[in-house]
Amino acid sequence: MKYVITLLSGDGIGPEITEEAKKVIAATGVEIEWEEMPAGEKVMEKYGTPMPDETLESIRKNKVALKGPITTPVGGGFRSVNVHIRKTLDLFACLRPCKSYGIKDVPFPSLDLVVVRENTEDLYAGIEFEKGDPKIQKLEELTGAVFSKNTGISIKPISEEASRRIIKFAFDYAVKNGRKKVTGVHKANIMKYSDGIFLDIFRKVAAEYPSIESEDRIVDNMTMQLVKKPQLYDVMVLPNLYGDIISDLCAGLVGGLGIAPGANIGDNIAVFEPTHGSAPKHAGKNRINPISMILSSALMLNYIGETEACAKIENAVRQLIKEGDTLTYDFGGKASTSGVGDRLAEIVAANGIRP
Ligand code: NAD
């Protein structure tokens, strides 16, 4: 079966790492017809927007996309193309597995955590008032607060509906993937009416899954726990902002952004992309680590039902790290981006056994 999948190669390092992901997927034998669509800073001039409608249409039609990182334009236009894609296509769940794949020189070499981040609301909802906006005075009347004239305001909405679906997603993921525990992370002691909802729904949904252990943690405590005893955790579910921060922290625990894949998943559309950004200072140098992008494409293969191909890629990453002689600078090696892609494709083609 040949799959048609939308491809956004992204900005900065995006095109280099996307090329390597395509190479490794091809080595699995899964046939994909890539529908490459324009997106990002590099298409702004031609299309007048970093996210042309035809690109979103292609993702809606194909239901699956592989996406390189996209630079957030500074000033004007979209707040972030990435946030725009997630909101427009209602990709409410951000899945970020953090596995160490045997990397040495990390404090916890056999960690296997999964971060499930809510993608549609919280401080990413885009409800903001610039300093000097006359609406801030209305907020003062409404709330009784007094703001200095130099105050900017961002509002954090958290709903029962969005909390329920992301928390259910986390528990369903745990059941489907043989995970034992889900931890709900919040700051409900302070944000009683926003995080308070998240915590309340977490406890209610947890009761619907008696086979999965559950617990909740306040986010500041969670950061300390993760740095000291990450092996105590399994699947974590968090509102948008905490999920963004904690997923980078977890990426750091297992070796850094070079090995941090991700997926944005909705009811029937999913976009796969690494956790990291477009790292413009490394662009075009053939030195950045393509593994996050390659592992994101493995998650994509798993999502479309090509579980064996996904496992082949994950095993190949494990083997590449064990061999240790084809690693990029961030893992202490000297290999190039294309060198890592070539070696992974070779291992995948040989079914995980060094030829
Ligand atoms: P970044 O993640 O692009 O890079 C930060 C640093 O992390 C890099 O300088 C590099 O040292 C390291 N790094 C990142 N990816 C790596 C890899 N594959 N291998 C090895 N090291 C890696 O963050 P930034 O510089 O803050 O952001 C650059 C741009 O990317 C911004 O415009 C930002 O908005 C955007 N961004 C996009 C996405 C996305 O497309 N989903 C996500 C985050 C940031």
Side-chain angles (χ1 to χ4, degrees), residues 7-21 24 39-44 50-51 55 59 65-89 91 93-96 98 101 103 105-106 115 117 119 124 126 240-241 243-252 254-265 270-297 299-300 317 320-321 326-341 344:
L7 181 72
L8 315 185
S9 63
D11 294 319
I13 57 168
E16 297 160 58
I17 56 177
T18 313
E19 226 19 71
E20 300 316 310
V24 176
E41 193 181 43
K42 65 184 180 204
V43 309
M44 278 284 284
M51 185 40 62
T55 299
I59 303 175
L66 183 63
K67 171 186 167 295
I70 289 180
T71 300
T72 302
V74 178
F78 285 103
R79 194 170 297 262
S80 152
V81 178
N82 308 301
V83 174
H84 179 70
I85 295 175
R86 292 168 201 159
K87 283 185 81 169
T88 311
L89 300 175
L91 307 176
C94 179
L95 182 70
R96 290 180 167 171
C98 295
Y101 289 93
I103 299 174
D105 302 332
V106 289
V115 175
R117 165 189 175 192
N119 245 352
Y124 287 71
N240 208 336
L241 181 64
D244 191 17
I245 297 167
I246 294 278
S247 53
D248 269 35
L249 188 154
C250 290
V254 297
L257 286 172
I259 193 152
N264 299 294
I265 301 175
V271 174
F272 296 81
E273 62 175 346
T275 295
H276 62 73
S278 55
K281 72 177 181 198
H282 296 284
K285 296 183 179 154
N286 195 21
R287 70 186 298 262
I288 203 82
N289 193 343
I291 292 181
S292 307
M293 187 74 195
I294 291 167
L295 286 173
S296 302
S297 68
L299 288 178
M300 182 193 82
V317 168
L320 179 106
I321 287 167
T326 319
L327 299 176
T328 44
Y329 75 94
D330 53 322
F331 290 173
K334 291 200 169 90
S336 62
T337 308
S338 52
V340 170
L344 282 173

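Counting starts at 1 for both ligands and their atoms, in listed order.
Checking Asn119 against Tyr124 by side-chain atom types alone, no donor-acceptor pair falls below 3.5 Å. Remark: the Ser247 side chain and the Thr275 side chain contain no N/O donor-acceptor pair separated by less than 3.5 Å.
The main-chain N or O of Ser9 is found under 3.5 Å from a side-chain atom of Thr18 such that the two form a donor-acceptor pair. Between the Asp11 side chain and the Lys42 main chain, a donor and an acceptor come within less than 3.5 Å of each other. Side-chain atoms of Ser292 come within 3.5 Å of backbone N or O of Gly258 as a donor-acceptor pair.
Pairs passing the salt bridge (Lys or Arg N to Asp or Glu O under 4.0 Å) check and including a residue from residues 270-283, sequence neighbours excluded, read Lys67-Glu273, Arg86-Glu273.
For a heavy-atom separation below 4.0 Å, the residues in contact with ligand 1 are Lys67, Pro69, Ile70, Thr71, Thr72, Asn82, Arg86, Leu257, Gly258, Glu273, Thr275, His276, Gly277, Ser278, Ala279, Pro280, Lys281, His282, Ile288, Asn289, Tyr329, Asp330.
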